[in-house]
Amino acid sequence: MFSKKVQSYINQIIVAPSERQQDEKVFCKQADTASLMIWMSGYNALYCYFNSNWLEFTGTHLTTAVSASVREDEIGNIWTCSVHPEDKQRCEDIYLKAFAVHDSFQRQYRLRRADGEYHWILDTAAP
């Protein structure tokens, strides 16, 4: 019915989302077993993932959001709510500058721990 090339393209479109979901599950499992705090951002520069160590350190609990957009908003705001107010703007500036040019960066800032105390951390990231 379809040429092999067209069928291959159709299969990539159909199979890709399920494979992507599987890859995300594997990544999350590996990130959750790492002994460090891990976060990721999406193509839009918004934070989209925090591993369990990050969530545990900050005492953050994700709700089971009604919709994907509500959950995205919740995750996107987690970092902002956890960083010391005096460090927030400087950290955002460093992040957005590096993000715009697809460059790695380091930043030091105070992150609120689950008990409410702020602790200095060194955040290293790469595109």
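Atom set for the values below is all heavy atoms of this structure, side chains included, hydrogens, waters and symmetry mates excluded.
Under the 3.5 Å distance criterion, the side-chain polar atoms of N51 are left unmatched by any main-chain donor or acceptor of M37. In this structure, R112 contributes its side chain and C81 its backbone to a donor-acceptor pair below 3.5 Å. The closest donor-acceptor contact from the side chain of R90 to the backbone of Q108 lies under 3.5 Å.
Take E117 and apply the salt bridge (Lys or Arg N to Asp or Glu O under 4.0 Å) test, not counting sequence neighbours, and it matches no residue. Qualifying salt bridge (Lys or Arg N to Asp or Glu O under 4.0 Å) partners for D93, counting only residues two or more places apart in sequence or in other chains: none.
Two residues are said to be in side-chain contact when any heavy atoms from C-beta on lie closer than 4.5 Å; F50 and I78 meet this criterion. The shortest side-chain heavy-atom distance between K97 and D103 does not fall under the 4.5 Å cut-off.
Scanning all heavy atoms of the two residues, the minimum distance from A98 to S104 falls at CB-O, 4.3 Å. Nearest heavy atom pair, residue G42 against residue C48, reads N-SG, 3.6 Å.
Environment of CD in E92: crowded, with over 12 heavy atoms of neighbouring residues, nucleotides or ligands closer than 6.0 Å.
Tested against S82 for a side chain to side chain contact (heavy atoms under 4.5 Å, CB included), the candidates F57, Y118, W54 yield a single pass: W54.
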May I have the list of side-chain donor-acceptor pairs in residues 120-127 shorter than 3.5 Å, sequence neighbours left out?
residue, atom, partner, partner atom, Å
D123, OD1, W39, NE1, 3.0
D123, OD2, W39, NE1, 3.3
D123, OD2, R107, NE, 3.0
D123, OD2, R107, NH2, 3.0
D123, OD2, Y109, OH, 3.0
T124, OG1, Q106, NE2, 3.1

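In the hydrophobic clustering of this structure, Y49 does not group with V26; members are Ile, Leu, Val, Met, Phe, Trp, Tyr whose side-chain heavy atoms approach within less than 4.5 Å, directly or through other members.
Note: Y47 and Y95 have parallel aromatic rings, judged against thresholds of 30 and 60 degrees for the angle between ring planes.
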inquiry  = Run L111 and T58 through side chain to side chain contact (heavy atoms under 4.5 Å, CB included) and show every step you take.
reply    = CA-CA 8 Å; L111 188 64; T58 60; 3.9 Å; yes
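To the nearest 0.5 Å, atom OG of residue S41 and atom CG of residue L46 are 8.0 Å apart.
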